[in-house]
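Residue numbers start from 1 in every chain, and the chains themselves are labelled A, B, ... in the order their sequence lines are given, proteins ahead of strands. Basis for what follows: all heavy atoms, side chains included, without hydrogens, waters or symmetry-related copies.
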Amino acid sequence: MLRLPVSSTGRRGATLTRYSYGTICHAELAVRVRGMIDEALHALTGDGTLPRAALEMGYTVEKPKDPAHGDLATNIALTLAKPCSRPPRDIAGVLAERLSALAEDDDYIEEIEIAGPGFINFRAGDNYLADVLMGITRGFSGDGWARTDNPRKVLVEFVSANPTGPMLVVNARAAALGDVYCRLLNMTGHWAASEYYVNDAGGQILTLGRSLEARIRQARGEEFPFPGDGYPGDYLVDLASIYIEEMGDLPSPGEEDLWTHLGDWAAVKILAEQRRLLGLYGVEFDSWYHESAVREGAGPEQVIEILRDRGYLYESEEALWLRSTAFGDDKDRVLVKSDGSYTYLLPDLAYHMDKFDRGFDRLINIWGPDHHGYIARMRAGLSALGYPEDNFEVVISQWVRLMSGGHEVSMSKRGGTYVTMEELLEEVGRDAARFFFLMRSASSPLDFDLDLAKEQSNENPVYYAQYAHARISGILSGAAERGVEVPGPGDMDRQSLAPLGHATERALIRRLADFPGEIVGAAQSLEPHRLAAYVLDVAAHFHSFYTECRVLGDDARLTRARLHLCRASARVIAEILGILGVTAPSQM
RNA sequence: GCGCCUAUAGCUCAGUCGGAUUAGAGCACCGGCCUCCGGAGCCGGGAGCGCAGGUUCGAGUCCUGCUAGGCGCACCA
């Protein structure tokens, strides 16, 4: 019963942050339309046509679900109906008239219409479609495709698996998520760093040491009982023989020292292995922060000092308590146990305070579902320390069940009762593993279909997306073989792209126009699964286009335009897959 | 018992800030499409918002209650 954690309390950040885009796209078009609407509103309230209250109403500008409703639509007339005491369509008529006048000067908006209960629809023309394509092929991912006007310094902490055993499938899910969060935030103008918190202190290290001692003694043929609360996995048997090989005999001093020594030694080995595996998975952390360093530093004492000054500490039954109930926690929490040692919470608070002290103003932690009960006390503790609670976010990465043949896979090849991350990677490979994890929202428990992930066929979503990219590569090299020049990013203009008029071509371009906006949407909501869905949809649009339209044909102008469309499509697919950490092969 | 999460098609899941007489994919099932650039592809076909109320111009989306499942409720980490 392998269950692995993934996600979510997410969905904060409903801020009014604005983004500027590196290229003309759907989101940029929406910014322009919003500007036109605001201008129209000011004019109409200025001359008394509409009451001043109209300026206060919120409204949306978004892409309609039905393409027949144009490229963008606004509900402004509907929201104004009540404050203006006029029917929505009536208001829409007044607005649309003014907007149409403004659109005369706009290069892109070609048509404005009133529809349904009072929506105002905007349709963009050929200039827009051509500029979208040119913008995509000319853009540089290094510059980012979008930039926030409110950059934050973000620390994303994830995986942070205990160094007491191999990483499991849940850790792979968290690793994929955190890695993508950082990339998304950095791509949209924030400054994000990844960090791994190494829990290399506390009782678990002693337990690890005791477990290793038993394995070492057993390896030497002694009758030695394995501790009841020890770590039973085979990996410690392996580590025992490595220990004997590297270190020779066990040291002889007091038992406490022995266990600490063995525990530390094993933790270092296990940590190195975790790091190696994460590297294979394509996840590199910017920093590794050790709990032992936190405990050795002044942080925990400072936390106590600050909390005492602020009046949130009290002693009871010889323990030191945090009055976390003052900040919405269910019950107060012990910080220092009656035996004088720290609970996990105290150094953890010190650690998070240190994150803020290092200059980060937004902390994102990815935790497993078994830790969700810990969120309230952590948040309460940080509030008690005086930090705004909104700057601390926890994404719960929900459980993963590995499925094969319609059944849950629970037995490891190595005989344990879990499946390790390493086994998963050996089984399905990095691309499939990452894509499958990122395909679903972090907050929903995942049934990971091993059979499907291994399948090298059209049924496998990751292959579907990659195939589109490889197919385009094939077309481009095919062009070269036939002596057809593939136009470069700057070689095309509105005129030369005019031949693109087929329904599948226009649908594909419009979907490509969503590109930078999709990145921003995923970054703001911390929902990479939107990008997985998007890249699959772009691939689908490309395949449709490909089936309907021959790229390398007799008409040289049309061929050039379509080759350009191919390039733009490949670019978008590669960019999105790149964000997800999945390769975009040129052949497969 | 208290708290949090989840409930959408036979299965696995999307559904953005509450929007448009038809709620979307994929898998599975059925039927079409290769003289031609990669058929790992394309086109077409059925069925669904757990239950009951409420809010409103408008609800899968928000509120209340109920039902079912998951997780959490340590002087563990």
Side-chain angles (χ1 to χ4, degrees), chain A residues 3 5 7-9 11 14 58-60 62-66 68-69 73 75 78 81-82 87-88 115-119 121 162 164 199 201-205 207 291 316-321 330-331 333-339 341-345 348 368-376 396 398-399 403 406 439-441 443-447 449 452 455-461 463-464 466-468 470-479 481-482 484 504 521-522 524-525 527 529-530 532-533 536-537 539-540 542-548 550-553 559 562 566 587-588:
Chain A
R3 301 223 152 182
S7 180
S8 154
T9 36
R11 276 290 161 134
Y59 63 91
T60 61
E62 57 192 7
K63 182 180 177 176
K65 283 176 189 161
D66 185 347
H69 294 135
N75 66 350
L78 276 65
K82 184 170 280 185
F119 288 99
N121 297 335
N162 286 335
T164 54
N199 297 111
Q204 57 183 343
I205 295 298
T207 302
E291 182 186 350
S316 174
E317 300 169 57
E318 297 183 20
L320 189 61
W321 294 72
D330 295 358
K331 56 183 72 169
R333 306 292 172 176
V334 171
L335 292 181
V336 181
K337 305 182 211 170
S338 52
D339 67 1
S341 64
Y342 299 154
T343 60
Y344 184 78
L345 182 59
D348 213 13
D370 51 333
H371 282 77
H372 101 248
Y374 192 72
I375 299 173
I396 296 295
Q398 278 295 346
W399 299 113
M403 309 295 286
M439 210 163 42
R440 299 275 142 69
S441 85
S443 60
S444 64
L446 174 65
D447 280 340
D449 188 335
L452 182 60
E455 191 141 353
Q456 309 212 350
S457 78
N458 56 340
E459 294 174 16
N460 188 337
Y463 280 93
Y464 182 84
Q466 290 179 318
Y467 177 66
R471 198 177 214 185
I472 295 171
S473 298
I475 295 168
L476 297 180
S477 57
E481 284 167 17
R482 293 161 190 243
V484 176
T504 58
Q524 280 187 308
S525 61
E527 292 178 334
H529 72 272
R530 292 198 201 180
L536 289 175
D537 200 42
F542 178 80
H543 288 313
S544 290
F545 151 70
Y546 176 88
T547 302
E548 294 290 323
R550 186 171 177 83
V551 177
L552 303 175
T559 293
R562 284 180 172 167
C566 286
Q587 54 183 4
M588 47 194 293

When the [atom1] atoms of [M] and [N] are compared, how many Å lie between them, rounded to an integer?
N: C71(B); M: C13(B); atom1: P; result: 16 Å
N: G54(B); M: C17(B); atom1: P; result: 27 Å
N: G44(B); M: U61(B); atom1: C1'; result: 32 Å
N: A7(B); M: C49(B); atom1: C1'; result: 10 Å
N: G26(B); M: A14(B); atom1: C1'; result: 10 Å
N: G18(B); M: U6(B); atom1: P; result: 16 Å
N: G60(B); M: U21(B); atom1: P; result: 12 Å
N: C57(B); M: G1(B); atom1: P; result: 39 Å

In whole Å, what is the span from the [atom1] atom of [X] to the [atom2] atom of [N]?
X: Leu452(A); N: A40(B); atom1: CG; atom2: C1'; result: 13 Å
X: Asn460(A); N: G41(B); atom1: CG; atom2: P; result: 10 Å
X: Arg530(A); N: G15(B); atom1: CZ; atom2: P; result: 7 Å
X: Arg440(A); N: G15(B); atom1: CZ; atom2: P; result: 11 Å
X: Asp447(A); N: C27(B); atom1: CG; atom2: C1'; result: 14 Å
X: Phe542(A); N: C43(B); atom1: CZ; atom2: C1'; result: 17 Å
X: Leu446(A); N: C11(B); atom1: CG; atom2: C1'; result: 14 Å
X: His69(A); N: G19(B); atom1: NE2; atom2: P; result: 14 Å

Exercise. Hey, does the side chain of Tyr464(A) come within less than 4.0 Å of C42(B)'s phosphate (OP1/OP2), counting only N and O?
Worked result: yes
Exercise. Between G15(B) and His529(A), is there an OP1 or OP2 to side-chain N/O distance shorter than 4.0 Å?
Worked result: yes
Seminar exercise, completed: Base orientation of C13(B), chi within 90° of 0 counted as syn, else anti, reads anti
For this session: Can you tell me which stems RNA chain B forms, taking runs of 3 or more consecutive Watson-Crick or G-U pairs with both distances under 3.5 Å?
Result: B:1-7 with B:67-73, B:10-13 with B:24-27, B:29-33 with B:41-45, B:50-54 with B:62-66
With a non-hydrogen cut-off below 4.0 angstrom, is [X] in contact with a base, only sugar-phosphate, or nothing?
X: Gly474(A); value: base
X: Ala115(A); value: base
X: Leu78(A); value: base
X: Met588(A); value: base
X: Ala468(A); value: nothing
X: Thr60(A); value: base
X: Ala73(A); value: base

Exercise. Under 3.5 Å, is there a donor-acceptor pair between the side chain of Asn75(A) and the main chain of Tyr59(A)?
Worked result: no
Exercise. Taking the side chain from Ser338(A) and the backbone from Ala319(A), do they hold a donor-acceptor pair closer than 3.5 Å?
Worked result: no
For this session: Please name all residues satisfying ring-ring contact (aromatic ring centres under 6.0 Å, His included) with Phe542(A), sequence neighbours left out, ordered by chain then number.
Result: Phe545(A)
Exercise. Do Thr559(A) and Val484(A) touch side chain to side chain, with heavy atoms closer than 4.5 Å?
Worked result: yes
For this session: Answer yes or no: is there a side-chain heavy-atom contact under 4.5 Å between Thr504(A) and Tyr546(A)?
Result: no
For this session: Determine, step by step, whether Asn199(A) and Gln204(A) satisfy the side chain to side chain donor-acceptor pair (under 3.5 Å) criterion, reporting the C-alpha distance in whole Å, the side-chain angles of both residues, the deciding distance to 0.1 Å, and the verdict.
Result: CA-CA 9 Å; Asn199(A) 297 111; Gln204(A) 57 183 343; 5.2 Å; no
Problem set entry | 5′-ward residue of the pair Gln587(A)/Tyr59(A) relative to RNA chain B | Tyr59(A)
Seminar exercise, completed: Walking RNA chain B from its 5' end, the first of Ala479(A) and Ala540(A) to be reached, judged by nearest nucleotide, is Ala479(A)
What heavy-atom pair brings [X] and [Y] nearest, and what distance separates the two atoms?
X: Ala470(A); Y: Gln587(A); answer: CB-CA, 4.0 Å
X: Pro88(A); Y: Pro117(A); answer: CB-O, 3.3 Å
X: Ser525(A); Y: Arg530(A); answer: OG-NH2, 3.3 Å

Seminar exercise, completed: The contact string for nucleotides 72-77 of chain B, one letter per nucleotide 5' to 3', using protein heavy atoms under 4.0 Å with B, S and - for base, sugar-phosphate only and none, comes out as SSSBSB
Exercise. Does the side chain to side chain donor-acceptor pair (under 3.5 Å) test come out yes or no for Thr343(A) and Arg333(A), once each step is laid out?
Worked result: CA-CA 9 Å; Thr343(A) 60; Arg333(A) 306 292 172 176; over 6 Å; no
Report the nucleotide, chosen from [options], that has the shortest atom-to-atom distance to any side-chain atom of [X].
X: Pro64(A); options: A20(B), C37(B), G41(B); value: A20(B)
X: Tyr546(A); options: G38(B), A40(B), C43(B); value: G38(B)
X: Glu62(A); options: C17(B), C42(B), G38(B); value: C17(B)

For this session: Could you tell me whether the side chain of Asp537(A) has a donor or acceptor atom within less than 3.5 Å of a complementary atom in the base of A14(B)?
Result: no
Seminar exercise, completed: Rounding to 0.5 Å, atoms CG (Asp348(A)) and CG (Leu335(A)) come to a distance of 11.5 Å
Exercise. How long is the span from the CZ atom in Phe119(A) to the OG1 atom in Thr60(A), to the nearest 0.5 Å?
Worked result: 7.5 Å
